Q: 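Got a structure here, written out as structure tokens. Questions coming.
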Amino acid sequence: MIWNQKIECMSRDEMRDLQSKRLVALVKYVYDRVPFYKKKMQDMGIEPGDIRSIDDITKLPFTTKQDLRDNYPYGLQAASADDIVRVHASSGTTGNPTIVGYTRKDLDVWAECVSRCLTAANMSNKDTFSVSYGYGLFTGGLGLHYGVENIGAAVVPTSTGNTEKHLRLMRDLKITGTAATPSYLLYLAETMDKLGIKKEELSLKSAVCGAEPWTEEMRQEIQQRLGLKMFNIYGLSEVVGPGVSYECDNQNGSHICEDHYFPEIIHPNTLQPLPVGQQGEMVFTTLTKEGMPVLRYRTRDICSLMEGACSCGRTSIRMSSIMGRSDDMLIIRGINVFPSQIESVILSLPEFEPRYMIVVDRVNNLDTIQVQVEVRKEFYTTETVGELTLKKKLASKLQSVIAIKADVKIMAPGSIDRYQGKSVRVIDNRPIKNKFAQ
Ligand code: DLL
């Protein structure tokens, strides 16, 4: 089934024309409304008239997460405040979070893209669908929610946590589809084993998974354990949220909603565009966004583009799965964590040395994070009570900043490896590293 036959199966030439028309309008729109882009373009010696087709996109400036932070909160917003109807925010590092405002039309486009994804995952108005992404500033929960309603399926907004209740609802409401991080689905499978619930007691057909990288091995295991088919959904809050691209029944690359989000692959160091098929950093331009459009936003996600019609009938360009990230952001259970956030917490407490090691692992299919940190001599104690107090203090402060629970391991003074050159602060033992090996 295809949600929007006209767009999803459009000829390549027609799509190029549509993208060109939209890019020309977008560039004029941001030049007139966002001083940041006007200045960037002026500095590069270009003006809106120089952009005549989608092929001119490489003349335009890039946008980075840092640009969004530097212009916190609304510096890159193009629509007037009166027209903004929703605001999401992505996790901040030590600095400002990134704020994204949406107009009514932006929300409609978002629901349209998520509808394409859900339809590709064989969901329709006959289905009951639970959304296990967090509802809140994170775009996962509400992003999926309105897509499910838009296709006429019944949405069950379970959100995160409360897995036993979710399982009971899955069984009793005959839920046929769910959206979750892959690691949550594995956790769900484990909980079923613990409670003695068999997959045959559930009616699950499809799962729409994203927000973190996952392997084919993980897909096979989840599909087998839950008796469903797993479909990738990709997206990022700065561009819109989930629904930038999605998998079809062929599970061979994710179809990009390229009438709204124009993809390019660049070399992360030289910033030069790379040919289709080559691996590099994904860059998106939001062709139709009103609230906070972005020109050539550097996602830091490493993947490649795949051309050629898919046997599902869709003609849109596809992207491979994400191989890693070109920066050092860790994604732990779908939540973005920056080592710098952890460092700043450690540095804010007088009891600790700025010597630490972050160990990320996957235990029983769930991401874990351990922060090993050296205690200053004057605070060091081998007494259990004293150690526990230190542990608790750091753990609770960390949780309030990174929004997930970290296991704190108190280390004796001088016990963490010292490095002469660049220090190693993160050990990621998971099967997929979220870091681009440069
Ligand atoms: O994670 C939006 C989302 C929610 C996507 C629910 C899919 C499902 P952010 O919190 O801004 O937004 O994080 C965006 O997460 O740049 C990727 O590194 C990673 N990511 C998102 N989807 C996938 C995926 C949401 N399907 C960052 N595969 C992105 C691999 C993904 N990584």
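No experiment lies behind these values; they were computed from the predicted model shown.
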Q: Taking all atoms of both residues into account, what is the closest heavy-atom pair of Leu330 and Pro339, and its distance?
A: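 The pair with the smallest heavy-atom distance is CD1-CG, 4.4 Å.
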Q: Between Ser115 and Asn150, does any side-chain donor sit less than 3.5 Å from a side-chain acceptor?
A: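 Distance-only check passes for Ser115 and Asn150.
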Q: So Phe284 and Ile256, do their side chains get closer than 4.5 Å, heavy atoms only?
A: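 Touching, per the 4.5 Å side-chain cut-off.
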Q: Any side-chain to backbone donor/acceptor pair from Thr381 onto Glu383? Under 3.5 Å, distance only.
A: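 Yes: the side chain of Thr381 pairs with the backbone of Glu383.
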Q: Starting at CG of Leu388, measure out to CD1 of Ile410 and round the result to the nearest 0.5 Å.
A: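 Here the interatomic distance stands at 9.5 Å.
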Q: Assess whether side-chain contact (heavy atoms from CB on, under 4.5 Å) is satisfied between Ile427 and Met357, documenting all intermediate values.
A: CA-CA 7 Å; Ile427 299 174; Met357 184 68 85; 3.9 Å; yes
Q: With Asp407, which residues qualify under salt bridge (charged side-chain N to carboxylate O under 4.0 Å, His left out), at least two apart?
A: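 Result, salt bridge (charged side-chain N to carboxylate O under 4.0 Å, His left out) vs Asp407: none returned.
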Q: Do Gln223 and Gln251 get their side chains close enough for a donor-acceptor pair, meaning under 3.5 Å?
A: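 Gln223 vs Gln251: donor-acceptor pair found between side chains.
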Q: Determine whether a donor-acceptor pair (N or O, by modelled atom type, separation under 3.5 Å) exists between the side chain of Glu212 and the backbone of Gly334.
A: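 Yes, the answer is positive, given that a donor and an acceptor are paired below the 3.5 Å cut-off.
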Q: Donor-acceptor pairs under 3.5 angstrom involving side-chain atoms of residues 154-164: please list them, not counting sequence neighbours.
A:
| unit_1 | atom_1 | unit_2 | atom_2 | d |
| --- | --- | --- | --- | --- |
| Thr158 | OG1 | Val131 | O | 3.0 |
| Ser159 | OG | Tyr135 | N | 3.3 |
| Thr163 | OG1 | Tyr184 | OH | 3.4 |

Q: Decide, yes or no, whether a salt bridge links Asp32 with Lys28 under the criterion of side-chain N to carboxylate O below 4.0 Å.
A: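 The answer is yes: the pair qualifies as a salt bridge.
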Q: Any pair with a residue in residues 240-258 that passes salt bridge (charged side-chain N to carboxylate O under 4.0 Å, His left out), sequence neighbours left out, goes on the list, sorted by first then second residue, please.
A: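 Sorted pair list: Arg12-Glu258, Arg219-Glu247, Lys229-Asp249.
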Q: Consider only side-chain N and O atoms of Thr128 and Thr176, and report whether a donor and an acceptor are under 3.5 Å apart.
A: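 No donor-acceptor contact under 3.5 Å links the two side chains.
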Q: Minimum heavy-atom separation for Phe231 and Ala120, please, with both atom names.
A: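 For Phe231 versus Ala120, the nearest heavy atoms are CE2-O, 3.6 Å.
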Q: Answer with yes or no after comparing the ring centroid distance for Trp110 and Tyr102 against a 6.0 Å cut-off, counting only values under it.
A: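 Close enough - the centres of the two rings lie under 6.0 Å apart.
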Q: Under 3.5 Å, is there a donor on one side chain and an acceptor on the other for Ser132 and Thr178?
A: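 Distance-only check passes for Ser132 and Thr178.
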Q: Please assess Val371 against Val345 for the test side-chain contact (heavy atoms from CB on, under 4.5 Å), listing each intermediate value before the final yes or no.
A: CA-CA 11 Å; Val371 179; Val345 171; over 6 Å; no
Q: Any donor-acceptor pair under 3.5 Å linking the side-chain atoms of Gln370 with those of Gln372?
A: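 The criterion, which ignores hydrogens and geometry beyond distance, is satisfied for Gln370 and Gln372.
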Q: Would you find more than 12 non-hydrogen atoms of other residues, nucleotides or ligands less than 6.0 Å from Lys59 atom NZ?
A: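 Yes, enclosed.
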Q: In sequence, state the C-alpha distance, the side-chain angles, and the governing distance for Arg333 and Leu366, and then conclude on side-chain contact (heavy atoms from CB on, under 4.5 Å).
A: CA-CA 7 Å; Arg333 289 182 225 157; Leu366 262 192; 4.1 Å; yes
Q: Within a 6.0 Å radius of atom CZ on Phe36, are there more than 12 heavy atoms belonging to other residues, nucleotides or ligands?
A: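 More than 12 heavy atoms, drawn from other residues, nucleotides or ligands, come within 6.0 Å of this atom.
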Q: Looking just at side-chain N and O atoms, do Arg168 and His166 make a donor-acceptor pair shorter than 3.5 Å?
A: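 No.
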Q: Can you name the nearest heavy-atom pair linking Gly147 to Leu118, along with the distance?
A: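 Looking at all heavy atoms of both residues, the shortest contact is C-CD1, 3.5 Å.
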Q: Before accepting this row, confirm whether a basic side-chain N of the pair Asp259/Arg116 lies closer than 4.0 Å to the acidic partner's carboxylate O.
A: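 A salt bridge is present here (some side-chain N lies under 4.0 Å from a carboxylate O).
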Q: Can you tell me how far CD1 of Ile358 sits from CD1 of Ile342, rounded to the nearest 0.5 angstrom?
A: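 Those atoms lie 3.5 Å apart.
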Q: Could you note down all residue pairs passing salt bridge (charged side-chain N to carboxylate O under 4.0 Å, His left out) where residues 187-203 supplies at least one of them, sequence neighbours left out?
A: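 Of all non-adjacent pairs touching residues 187-203, those that pass salt bridge (charged side-chain N to carboxylate O under 4.0 Å, His left out) are Asp193-Arg225.
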Q: Which pair of heavy atoms, one from Tyr31 and one from Pro48, lies closest together, and at what distance?
A: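 Heavy-atom minimum between the residues: CG-CG, 3.4 Å.
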Q: What is the distance from atom CD of Gln224 to atom CE of Met230, rounded to the nearest 0.5 Å?
A: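 If I round to the nearest 0.5 Å, the distance is 13.0 Å.
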Q: Hey, does the side chain of Arg298 reach the backbone of Thr64 with a donor-acceptor pair shorter than 3.5 angstrom?
A: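 Looks like no, no N/O pair under 3.5 Å.
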Q: Counting distance only, does the side-chain N/O of Lys289 pair as donor-acceptor with the main-chain N or O of Val294 below 3.5 Å?
A: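 No, Lys289 side chain to Val294 backbone: no donor-acceptor pair under 3.5 Å.
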Q: Would Lys205 and Asp127 count as a salt bridge (Lys or Arg N to Asp or Glu O under 4.0 Å) if you check the C-alpha gap in whole Å, the side-chain angles of each, and the deciding distance to 0.1 Å?
A: CA-CA 10 Å; Lys205 289 190 302 192; Asp127 289 287; 3.1 Å; yes
Q: Using the salt bridge (charged side-chain N to carboxylate O under 4.0 Å, His left out) rule, collect all pairs that involve residues 391-406, keeping only residues at least two apart or in two chains.
A: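 Counting only pairs at least two positions apart or across chains, the salt bridge (charged side-chain N to carboxylate O under 4.0 Å, His left out) contacts touching residues 391-406 are Glu351-Lys393.
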Q: Tyr297 and Asp67: side-chain donor and acceptor closer than 3.5 Å?
A: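 Looking only at side-chain atoms, Asp67 and Tyr297 do not form any donor-acceptor pair under 3.5 Å.
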Q: Please report the interatomic distance CG(Leu107) to CG(Leu142), rounded to the nearest 0.5 Å.
A: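 Here the interatomic distance stands at 9.5 Å.
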Q: Taking all heavy atoms of Pro61 and all of Ile46, pick out the closest pair and write down the distance.
A: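 Closest heavy-atom pair between Pro61 and Ile46: CD-CD1, 4.5 Å.
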Q: So do the side chains of Met319 and Pro263 get within less than 4.5 Å of each other, counting heavy atoms only?
A: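 No, their side chains stay 4.5 Å or more apart.
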Q: So, taking the atom named OG1 in Thr389 and the one named CZ in Phe379, what distance separates them when rounded to the nearest 0.5 Å?
A: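 Interatomic distance, Thr389 OG1 to Phe379 CZ, rounded to 0.5 Å: 12.5 Å.
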Q: Compare all side-chain heavy atoms of Ile265 with those of Cys303 and state whether any distance is below 4.5 angstrom.
A: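 Yes. Closest side-chain heavy atoms under 4.5 Å.
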Q: Assess the side chains of Tyr37 and Thr63: does a donor N or O sit below 3.5 Å from an acceptor N or O?
A: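 Note: Tyr37 and Thr63 side chains meet the donor-acceptor criterion.
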Q: With side chains defined as the heavy atoms from C-beta onward, is the minimum distance between Asn252 and Cys310 less than 4.5 Å?
A: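 They are not in side-chain contact.
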Q: Quick test of your reading: applying salt bridge (charged side-chain N to carboxylate O under 4.0 Å, His left out), list the pairs with at least one residue in residues 359-381, sequence neighbours left out, ordered by first then second residue.
A: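 Only Glu353-Arg376, Arg362-Asp367, Asp367-Arg430, Glu374-Arg418 qualify under salt bridge (charged side-chain N to carboxylate O under 4.0 Å, His left out).
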Q: We want to know whether Ser316 and His255 form a side-chain donor-acceptor pair, criterion being a heavy-atom distance below 3.5 angstrom.
A: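 Short answer, yes.
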Q: State, with a plain yes or no, whether a side-chain heavy atom of Val373 is found less than 4.5 Å away from one of Arg355.
A: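 Side-chain contact under 4.5 Å: no.
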Q: With a 3.5 Å cut-off and no angle check, do the side chains of Tyr356 and Glu343 form a donor-acceptor pair?
A: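 The criterion, which ignores hydrogens and geometry beyond distance, is satisfied for Glu343 and Tyr356.
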Q: May I ask you to test the Leu295-Lys40 pair for a side-chain heavy-atom distance under 4.5 Å?
A: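 No, side chains not in contact.
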Q: Measure from the side-chain N and O atoms of Asn96 to the backbone N and O of Arg69, and report whether any donor-acceptor pair falls under 3.5 Å.
A: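 Yes, Asn96 side chain to Arg69 backbone: donor-acceptor pair under 3.5 Å.
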Q: Report the distance from atom CD1 of Ile222 to atom CG of Leu188, rounding to the nearest 0.5 Å.
A: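 Between Ile222 CD1 and Leu188 CG, I get 10.0 Å after rounding to 0.5 Å.
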Q: Are Leu202 and Ile175 close enough that some pair of their side-chain heavy atoms sits under 4.5 Å apart?
A: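 Result no, sub-4.5 Å side-chain heavy-atom pair not found.
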Q: Please give me the minimum heavy-atom distance between Thr103 and Gly291, naming the atom from each residue.
A: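 For Thr103 versus Gly291, the nearest heavy atoms are CG2-N, 3.8 Å.
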Q: Decide side-chain contact (heavy atoms from CB on, under 4.5 Å) for Glu290 and Asp83; before the verdict, give the C-alpha distance in whole Å, the side-chain angles of both, and the deciding distance to 0.1 Å.
A: CA-CA 9 Å; Glu290 294 179 335; Asp83 293 325; over 6 Å; no
Q: Going by atom types only, do Thr286 and His260 share a side-chain donor-acceptor pair under 3.5 Å?
A: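 Checked: Thr286/His260 side chains show no N/O donor-acceptor pair below 3.5 Å.
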Q: Any heavy-atom pair between the side chains of Cys113 and Tyr261 that's under 4.5 Å?
A: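 Heavy-atom side-chain distance check passes, below 4.5 Å.
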Q: Please confirm whether the backbone N or O of Ser254 pairs with a side-chain atom of Asn232, one donor and one acceptor, at under 3.5 Å?
A: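 No; judged by distance alone, with no hydrogens or angles, the pair does not exist.
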Q: Does Thr181 use its side chain to pair, donor to acceptor, with the backbone of Ala211 at less than 3.5 Å?
A: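 Judged by distance alone, no pair lies under 3.5 Å.
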